[in-house]
Amino acid sequence: CHGAGAPFDVQQNAPKGLSGNVFRTAMAETEMADAATKQELASNLTLDILQIVKISQGQHGLRHGDHTRYRQYCTRRLARMYKATNFSHGKGRFQKKTLLPEVVADANHLMIPLINAERAWSYAMELKTDAGNDPRKRSHMIRRLRKATVHASELVALCKQLGSARTALEAEAYSSFMFGNFLAEQERDWSRALAKFMRARKAFEQLARVGGSEQADVCRERIEELEPNLRYCTYKRGNSTGGDESSLDAEDLAALKGESGADDEKLKGMLSEDGEKTSSSVAPTSLMWRGHEIPLRNKDSRACVATAANQLAKLESPLTMSADRGLAIYDKALMAYNDAKQHLRDEITAASSVQGGLESTTRIMEIKLSDRALSVLLLEKTIERNKFLVASATAKLAGDIKLEKGEKATRPEDLVHLYNTLLRNYEELAESGPEVLRGLDGEDKVEESVRMDCMLEQMLLQGQRAASLAAVHLGAGSHAEAAVLYARAAEHAAKVQDRAPKSSHMAAAAQKVQDDSRKARCIALADGTIAHVAQQKGLRLGLNSVSLQDGASAGGMEARYLLDHLDEYKSAVSGKGANKVHMMPMPPKMIPIAVNPIILDVAGDEIVYPDLEERTAVKKTSTLRNLFSFAKRRET
């Protein structure tokens, strides 16, 4: 036994067959599991597996069949997920960690086995394209597919224990599809491969019936992809000598025979309960805006608002979600809000055409109130969308997000345009926000609150826009203009700090803008001073180097040019190589030129010129004399 102060030797106390590092890893995982069991397990987690896979594959190479690009994307996203979920594999040396149910806190943890499976599958498809008749590459491809099935099975186990019924069914469909691909490429057990594909098709059909329109479209696409595999496996199974079904489990055997499995009815019940809970909790009967409940009677509008809420629930942090994915989600949500407004306007038109007295007027007033509230909510979601783009662009400029291959680099000018758009959005919100509760209780308080919030947001955006403009000028080398703009940004942030509550996020954001602007202003002034000193130094050196004397070559010899002695046969080569030939000096040599004498006319004012009026006087004669003299000239 070890004493109280004796050190614990891991290598000595490790069980037989295990090295010290492996034993340390096992002990660390055991301690992590013991600590995690003290916490409650997460439950009812939701993850749109099929939608995520479809969007990721379409945006990152598989639209053009580029599996290499998609594999690289999966590797980068997996690294981001490890960092975001704090699920690292040791420091320095790799230490494998298992994703236990006790460690899973949210749906982001479920993304880890999904991205792992996608990476292994894309690598297998890349090897399949390049394999040809090479048996080594084909064997490598099958091993990667087996790895994909392992990760897919891990995803199924976690989703069945922690996820909702729909998420578990999606994971089961995904795993069956991946397992069928592995067995089909292995070309050994065609019965089992056919059973896996049929289980996947049945799961896709159930999801298409239970889910919404988008999920139904995705499931139909998956079913169309399965049809060639089903036909091929059926053909190979019929040609094989006796279909061995002993390796099939109950679910695979039931799927192969077209019967209902033991868990199908239970799964359908879970899906129906999940659908009822979702529909009852998501489809609201009223809208909440700044603490006021606004009724929403129209059924179609309520469905559109629920669809928008479901879309917005898929959003993640800009550090883990690409800007294109976030834009797609926001666009779908904004379209749903627009559809809800259109349904309300159609109802207003229908209610106006009916003459129902006071009841009809009250109904129209209520619909208009809901329409105004939806318009303001649509504007607020537009502002959130633009802020998401600002956060993504800022992270890319700071280097927190690596650019994808072929992606255009973000510039400070892009941030300036986004800030201008946000300023216009807040101007519209300041005008339309107070009109929502016009004529209702609490109108004055809401109007004052909306105007104050918009004013503070606009001042903060003006400071951020000034900082972005300063970055633009700094990139162009205008250090003085950049320093002035950074000072203006700090002034705007100081105004926000004076008016915003001290513990609010607005005050914290303003403090950050003020600190960053002051630091950047000092750096801009220092860089400007350095650039000015360097410019002055270069100018002095340039003036000192001006000379009328002929230059010399690098070796100290006087350069000889061919144009100087065209009438003589002299070599113009001052070294080895054609680049040492001197044809003519560039720029041309400066030649001294004699300066013309300067003549100053200082005696011109002292010279007295003679009077020439007598020579220039005109003799006076009469008209009659002129006529006779003219006649004489004619006679002559």
Side-chain angles (χ1 to χ4, degrees), residues 59-60 72-73 75-77 79-84 315-331 382-426 457-494 496 505-528 530-531:
Q59 292 181 352
H60 299 282
Q72 294 171 353
Y73 161 74
T75 303
R76 292 192 300 269
R77 186 171 185 182
R80 293 197 299 267
M81 294 302 301
Y82 282 146
K83 186 175 181 180
L315 288 172
E316 301 175 8
S317 171
L319 297 176
T320 57
M321 174 177 282
S322 64
D324 295 337
R325 169 69 173 148
L327 276 179
I329 292 175
Y330 272 114
D331 289 343
T382 305
I383 291 174
E384 291 180 8
R385 169 187 176 273
N386 293 330
K387 286 186 175 181
F388 180 87
L389 293 178
V390 168
S392 178
T394 304
K396 289 179 181 178
L397 281 176
D400 297 334
I401 299 178
K402 293 183 180 180
L403 296 177
E404 302 291 342
K405 185 178 180 181
E407 185 179 0
K408 186 178 179 182
T410 306
R411 303 174 302 167
E413 292 89 336
D414 302 331
L415 279 175
V416 174
H417 296 317
L418 291 173
Y419 287 135
N420 288 331
T421 305
L422 280 170
L423 286 171
R424 290 193 295 269
N425 294 148
Y426 275 108
E457 289 284 355
Q458 285 176 323
M459 284 194 294
L460 182 61
L461 288 172
Q462 287 172 357
Q464 293 172 337
R465 182 181 62 176
S468 299
L469 281 172
V472 174
H473 284 282
L474 194 63
S478 303
H479 300 87
E481 290 83 353
V484 172
L485 287 169
Y486 278 129
R488 180 63 59 85
E491 291 176 4
H492 286 301
V496 175
H505 72 281
M506 185 78 65
Q511 182 65 40
K512 185 177 183 304
V513 171
Q514 188 176 10
D515 295 342
D516 294 344
S517 300
R518 287 176 176 175
K519 294 176 184 177
R521 181 175 179 273
C522 295
I523 294 174
L525 291 175
D527 291 342
I530 293 173

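- Minimum heavy-atom separation, Ser322 to Gln59: OG-OE1, 4.3 Å.
- Arg424 pairs by the salt bridge (charged side-chain N to carboxylate O under 4.0 Å, His left out) definition with nothing, not counting sequence neighbours.
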Checking side-chain contact (heavy atoms from CB on, under 4.5 Å) for the pair Leu319/Arg80: CA distance, chi angles, key distance, verdict? CA-CA 8 Å; Leu319 297 176; Arg80 293 197 299 267; over 6 Å; no
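- Lys512 meets the salt bridge (charged side-chain N to carboxylate O under 4.0 Å, His left out) test with Asp516; sequence neighbours excluded.
- A donor-acceptor contact shorter than 3.5 Å is absent between the side chain of Thr320 and the backbone of Glu316.
- Applying the side-chain hydrogen bond (donor to acceptor under 3.5 Å, both in side chains) rule to pairs touching residues 462-473 yields Asn420-Arg465, sequence neighbours excluded.
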Donor-acceptor pairs under 3.5 angstrom involving side-chain atoms of residues 487-494: please list them, not counting sequence neighbours.
none

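- A donor-acceptor contact shorter than 3.5 Å is absent between the side chain of Ser392 and the backbone of Phe388.
- For Glu384, the salt bridge (charged side-chain N to carboxylate O under 4.0 Å, His left out) criterion is met by Lys381, not counting sequence neighbours.
- For the side chain to side chain donor-acceptor pair (under 3.5 Å) test, no residue two or more places apart in sequence or in another chain qualifies with Arg411.
- Atoms CG and CG, from Leu418 and Asn386 in turn, are 6.5 Å apart once rounded to the nearest 0.5 Å.
- Annotation: the span from Asn425 atom CG to Thr382 atom OG1 amounts to 6.5 Å, rounded to 0.5 Å.
- Across all their heavy atoms, Leu525 and Ala483 have their closest contact at CD2-CB, 3.6 Å.
- Listed by chain and number, the residues in a ring pair (Phe, Tyr, Trp, His ring centres under 6.0 Å) with Tyr73 are His60 (sequence neighbours excluded).
- Residues that satisfy the side-chain contact (heavy atoms from CB on, under 4.5 Å) test with Thr410, not counting sequence neighbours, are Ala393, Lys396, Leu397, Asp414.
- Not a single side chain to side chain donor-acceptor pair (under 3.5 Å) links Thr75 to another residue, sequence neighbours left out.
- A distance-only check finds no donor-acceptor pair linking the side chain of Ser478 to the backbone of Leu474 [under 3.5 Å].
- With values rounded to the nearest 0.5 angstrom, Leu460 atom CG is found 11.5 Å from Gln514 atom CD.
- Ile523 meets the side-chain contact (heavy atoms from CB on, under 4.5 Å) test with Asp527; sequence neighbours excluded.
- Residues that satisfy the side-chain contact (heavy atoms from CB on, under 4.5 Å) test with Lys387, not counting sequence neighbours, are Ile383, Leu422, Tyr426, Glu457.
- The two residues His479 and Ala531 come nearest to each other via the heavy atoms CE1-CB, 4.2 Å.
- By the side-chain contact (heavy atoms from CB on, under 4.5 Å) test, Leu315 pairs with Leu312, Met321, Ile329, Tyr330, sequence neighbours left out.
- The distance from the CZ atom of Arg76 to the NZ atom of Lys402 is 8.5 Å, given to the nearest 0.5 Å.
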